[in-house]
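All remarks here apply to the structure that follows.
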Protein chains: 2
Amino acid sequence: MDWKHIQFDWNHARAFLVVADEGSLSAAGRAMAISQPTLGRQITALESQLKVTLFERVGKGLTLTQSGLRLYEYVKKMADAANEFSLVAQGQSNEVSGDVCISLTELDAYFRFAPLISKFKEYAPNIRLEVQVSNDISDLKRREADVALRYQRPTQPDLITKKIGSEHAYLYGHQDYVKHFANKKPQDVSNLQLIGFDHSDQMKHYLMEMGFPARDDQFTVICKNQLVQLQMMLQGGALAFLPDHIAARFPELVPAFVESFKPIELDMWLVCHRELHTSRKVRLVFDFLSENLNIK
Amino acid sequence: MDWKHIQFDWNHARAFLVVADEGSLSAAGRAMAISQPTLGRQITALESQLKVTLFERVGKGLTLTQSGLRLYEYVKKMADAANEFSLVAQGQSNEVSGDVCISLTELDAYFRFAPLISKFKEYAPNIRLEVQVSNDISDLKRREADVALRYQRPTQPDLITKKIGSEHAYLYGHQDYVKHFANKKPQDVSNLQLIGFDHSDQMKHYLMEMGFPARDDQFTVICKNQLVQLQMMLQGGALAFLPDHIAARFPELVPAFVESFKPIELDMWLVCHRELHTSRKVRLVFDFLSENLNIK
DNA sequence: TTCTATCTATTCATATTTGTATGTCCAGGT
DNA sequence: ACCTGGACATACAAATATGAATAGATAGAA
């Protein structure tokens with residue numbers, strides 16, 4: 001490796017960047033909490049080392065010369081890399097360590113989060129994650145989880161919520177089963193079998209809204225566990241609601257009654273205590289999930 | 001702009017890079033001409049600021065930790081940007097100024113170099129270029145030019161030569177003229193008109209090699225100026241040799257006797273005095289041309 | 001014009017960083 | 001077991017960078 005081209009003082013380069021951005025030595029000094037004479041000297045030193053005039057001293061303030069403007073883009077690149085460096089370093093920090101508990105639905109834990117664990121390990125090796133798999137709307141207030149993924153926006157004012165995506169759910173079934181109703185409307189099918197989520201009438205209400213009043217006896221099975229639901233659906237013989245991106249992983253699953261039903265739109269919300277959001281470790285997990293979880 | 005993530009000491013980041021690359025504090029110290037204790041302190045300072053252990057102190061030498069390895073790629077990015085910064089700064093330097101004379105053929109000056117002038121102005125605003133347009137093999141020894149583009153490799157040992165590309169030349173003509181000989185062999189055409197380069201027999205020799213002995217009376221015009229040759233060719237009525245990339249700019253020009261002739265392969269050599277190559281300004285021009293001139 | 005706010009340049013005491021010299025530790029060869 | 005070469009750590013003096021205070025300069029407002 002050849003080091004001679006990186007021998008200049010990198011802090012001077014940083015000073016150059018900030019001064020160029022802020023427009024004056026004084027402003028830059030304020031922005032990065034260092035004195036104006038120091039910045040002035042750093043700029044001068046850089047200029048004399050490079051033998052390039054970076055700024056035009058024109059009365060009040062400094063303006064970039066043509067050369068300075070051209071060089072600016074490279075210190076910008078340096079700063080971008082420095083930024084990433086610092087960000088990643090935060091994740092690697094020994095200080096940011098401990099346990100963080102996150103709450104996910106079965107489908108999200110299985111399909112979305114599981115593939116991310118090695119990435120997370122790299123991102124924050126000192127944080128141990130506890131994953132609470134549940135479809136219940138677990139109470140963040142009771143600290144059952146530090147961060148949770150929800151499909152309804154919580155209303156409590158002491159929670160931080162961030163919409164990280166949205167998805168569509170649809171009535172799916174095994175293709176061998178669905179083809180019996182091809183081109184039929186739900187009203188024309190009397191013996192349609194469904195897998196219910198729980199004993200609430202939410203699913204029935206939705207079907208009724210769509211003009212298909214389902215009877216209780218059509219719910220072959222009631223099961224809260226989405227993964228088990230999915231497995232049963234794959235056996236054929238019944239339909240259930242499933243997010244599109246999950247169904248897409250199984251070629252044998254096809255949507256039923258595409259003509260008659262409109263998809264259910266689900267917004268994904270990442271939720272966290274307002275106070276916990278100031279904790280570095282929780283903040284880190286929150287940011288990681290918000291950036292990586294919505295990838296299909 | 002938010003500066004808080006670039007507040008760490010950038011020189012420490014540089015120290016980190018070099019130590020990681022060289023494998024030990026002492027080696028890094030030697031490489032960048034600073035003492036081993038200084039480097040040790042810089043690394044320690046960086047580690048304690050980031051709260052990340054970058055190196056494992058294992059007996060002789062240091063090895064990167066997992067975190068250090070991950071962070072390394074970002075300081076590498078910083079260093080790459082720093083490198084570019086330094087390189088561009090050299091071009092902008094007030095020190096690198098003065099006149100540099102380059103020698104190019106008419107075609108290269110017209111088609112290749114002319115589009116580069118604004119880029120060169122940005123690259124080295126303090127250098128004034130003198131462009132010597134000539135097809136003569138001007139003598140670099142007599143300092144008629146500092147840098148020259150040649151199509152034959154000079155043999156003098158005191159010249160620096162660098163192959164910067166290669167191109168194919170072919171017998172071209174206006175499509176209206178060439179179509180008369182479509183699917184014919186050169187031997188079957190008796191009244192073929194050619195544009196000659198000079199009174200030497202080089203072109204005749206080449207044609208003879210290809211099995212087409214050209215007669216003197218077939219050379220309608222002899223003209224050393226390639227641009228004028230080109231213009232005459234565009235009028236139709238005669239064929240001439242032309243590099244492919246030039247011909248490609250004129251849709252009306254098509255190659256003649258594609259079946260019978262094989263293309264002439266021309267290597268492009270950038271040439272410079274060995275001693276001049278140490279001059280910053282000449283070096284800069286040489287590097288600029290070697291990077292930008294071969295673009296078609 | 002004159003005043004004022006705000007900028008850059010200079011000065012000097014202080015704080016920090018650096019290098020030299022030296023101590024200590026470890027691995028490999030004799 | 002001992003020696004040796006090369007590595008990192010430590011101590012202290014010298015070099016360097018920094019900040020507070022201040023002076024000088026400029027643009028804009030009254």
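We name chains A, B, ... by the order of the sequence lines, and we start the count at 1 in each one. Values reported hereafter were calculated over all heavy atoms of this structure, with side chains retained and with hydrogens, waters and symmetry mates removed.
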Next item on the list: Please report the C-alpha distance between B/Ser103 and B/Gln132 in whole Å, then the side-chain angles of each, then the deciding distance to 0.1 Å, and finally whether the side-chain hydrogen bond (donor to acceptor under 3.5 Å, both in side chains) criterion is met.
Entry: CA-CA 5 Å; B/Ser103 166; B/Gln132 199 169 92; 4.6 Å; no
Checklist line | B/Gln92 side, atom CD; B/Phe85 side, atom CZ - distance, nearest 0.5 Å | finding: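 Going from the CD atom of B/Gln92 to the CZ atom of B/Phe85 covers 10.0 Å.
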So, OP1 or OP2 of [N]: does either fall under 4.0 Å of a side-chain N or O from [X]?
X: A/Ser24; N: C/dT6; answer: no
X: A/Arg30; N: C/dT6; answer: no
X: A/Ser35; N: D/dA20; answer: no

Checklist line | side-chain hydrogen bond (donor to acceptor under 3.5 Å, both in side chains) between A/Asp287 and A/Tyr123, intermediate numbers included | finding: CA-CA 11 Å; A/Asp287 290 344; A/Tyr123 177 73; 5.3 Å; no
Find the distance [X]:[atom1] to [N]:[atom2] and express it as a whole number of Å.
X: A/Leu25; N: D/dT18; atom1: CG; atom2: P; result: 13 Å
X: B/Ile43; N: D/dA7; atom1: CD1; atom2: C1'; result: 15 Å
X: B/Ile34; N: C/dT18; atom1: CD1; atom2: P; result: 7 Å
X: B/Glu56; N: C/dC26; atom1: CD; atom2: P; result: 15 Å
X: B/Leu62; N: C/dC25; atom1: CG; atom2: P; result: 17 Å
X: B/Phe55; N: D/dA9; atom1: CZ; atom2: P; result: 11 Å

Check: Any Lys/Arg nitrogen of A/Arg274 or A/Asp158 sitting under 4.0 Å from an Asp/Glu carboxylate oxygen of the other?
Finding: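 Looking at A/Arg274 and A/Asp158, the cut-off is not met.
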Checklist line | Letter per nucleotide, 5' to 3', of nucleotides 12-17 of chain C [B base touched, S only sugar-phosphate touched, - untouched; heavy atoms, 4.0 Å] | finding: ------
Margin query: Suppose we call a contact any N or O donor and acceptor under 3.5 Å apart; does that hold for the side chain of B/Gln36 and the base of D/dA9?
Written below: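 Checked by distance alone, the answer is yes.
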Next item on the list: Identify the heavy atoms of A/Val18 and A/Ala28 that sit nearest to each other, and give their distance.
Entry: CG1-CB, 3.7 Å
Next item on the list: Would you name the heavy atoms of B/Ser290 and B/Lys162 that are closest together and state the gap between them?
Entry: OG-NZ, 3.1 Å
